[in-house]
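Here the structure is laid out as structure tokens; the discussion comes afterwards.
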Amino acid sequence: MLLQLAIDDPAHLGVVPEVIDLVDIVEVGTPVLKRFGLASITTLRERSGGRPVLADTKTVDGGAKEAEMVFGAGASLMTVLSCASPATHAAAGRVAREYGAHVVVDTIADRRLPRRPGRFPGHCDYLALHSPTDRRLDGEDDTRHIDAVASMRALGYRVSLAGGIGPANLAAVAEAAPEIVVVGGAITRAENPRRTAEWIVSTLNGHTRGRPPSRNSPK
Ligand SMILES: O=C([C@H](O)CO)[C@H](O)[C@H](O)COP(=O)(O)O
């Protein structure tokens with residue numbers, strides 16, 4: 001399993017150097033991309049120590065143009081919403097192939113998950129099962145994305161799992177074994193991001209050592 005660190009708030013950029021050696025993919029979160037534009041991709045590339053950067057564009061139209069922009073700026077992966085038109089998937093995929101880059105198809109806005117392999121024309125390197133932040137802020141305890149990993153993998157999709165992943169559900173996530181585990185707030189908002197990231201990595205690797213660090217643990 002690969003660990004993808006999501007930076008959704010400019011205030012959390014400082015966490016990157018603290019944990020970068022534990023991380024496989026660095027995500028320029030949608031809010032950061034909207035706030036700082038393509039420069040945020042360059043910034044995170046400079047801090048990522050050569051690790052791939054994902055631009056969380058959540059593209060829904062204009063696939064070729066958005067792909068050109070973010071891959072041209074140095075991103076290695078981008079996200080396209082699963083509800084986008086086949087033409088958008090095909091266009092983003094064509095540009096991704098030209099750059100040797102990757103497309104993550106994000107199901108965050110879809111009520112229905114794909115029922116067959118190869119549902120997205122063009123390019124679907126990973127299918128993101130993503131619990132929306134706002135649903136959780138509304139108080140929903142959502143595990144549907146974790147529960148769906150097995151069926152999507154059975155259809156042949158490589159899965160990226162995102163949304164509210166942290167100490168409360170990490171054991172279930174490790175058991176589901178998606179290809180990519182996306183973690184934002186559980187690391188970036190932790191009292192001790194480094195120790196939390198270490199605990200997450202060891203749990204994902206099946207070598208859990210005790211309990212997750214508490215919010216009050218010393219830095
Ligand atoms: O993509 C995200 C979300 O839609 C906000 O833009 C987050 O990066 C993703 O959900 C991971 O964040 P956490 O839920 O804080 O782990």
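Only heavy atoms go into these numbers, but all of them, side chains included; no hydrogens, no water, no symmetry mates. On a predicted model such as this, the values are computed, not experimentally measured, just so you know. Counting starts at 1 for both ligands and their atoms, in listed order. Note that the numbering runs from 1 along the sequence shown for the chain.
For atom 4 (O) of ligand 1, the nearest protein heavy atom (residue, atom name, distance) is Lys58 NZ, 3.0 Å. Among protein heavy atoms, the minimum distance from atom 12 (O) of ligand 1 is reached at Asp8 OD2, 3.6 Å. Closest protein heavy atom to atom 9 (C) of ligand 1: His130 NE2, 3.5 Å. Scanning the protein heavy atoms around atom 16 (O) of ligand 1, the nearest turns out to be Gly184 N, 2.8 Å.
No part of Thr188 comes within 4.0 Å of ligand 1, judged by heavy-atom distances.
Contact annotation: Gly29 has no heavy atom less than 4.0 Å from any atom of ligand 1. Not a single heavy atom of Arg189 lies less than 4.0 angstrom from ligand 1. In this structure, Gly164 has a heavy atom closer than 4.0 Å to ligand 1.
Residue Glu98 places its CD atom among more than 12 non-hydrogen atoms of other residues, nucleotides or ligands, all under 6.0 Å distant. No more than 12 heavy atoms of other residues, nucleotides or ligands shown are found within 6.0 angstrom of CZ on Arg45.
With 3.5 Å as the limit, one finds a donor-acceptor pair spanning the side chains of Ser82 and Asp110. Side-chain N/O atoms of Arg35 and Ser40 include no donor and acceptor closer than 3.5 Å.
Between the CD atom of Gln4 and the CG atom of Leu161 there is a distance of 11.0 Å, given to the nearest 0.5 Å.
The shortest side-chain heavy-atom distance between His102 and Leu54 does not fall under the 4.5 Å cut-off.
Residue Thr133 has at least one heavy-atom neighbour below 4.0 Å for each of these atoms of ligand 1: 3 (C), 5 (C).
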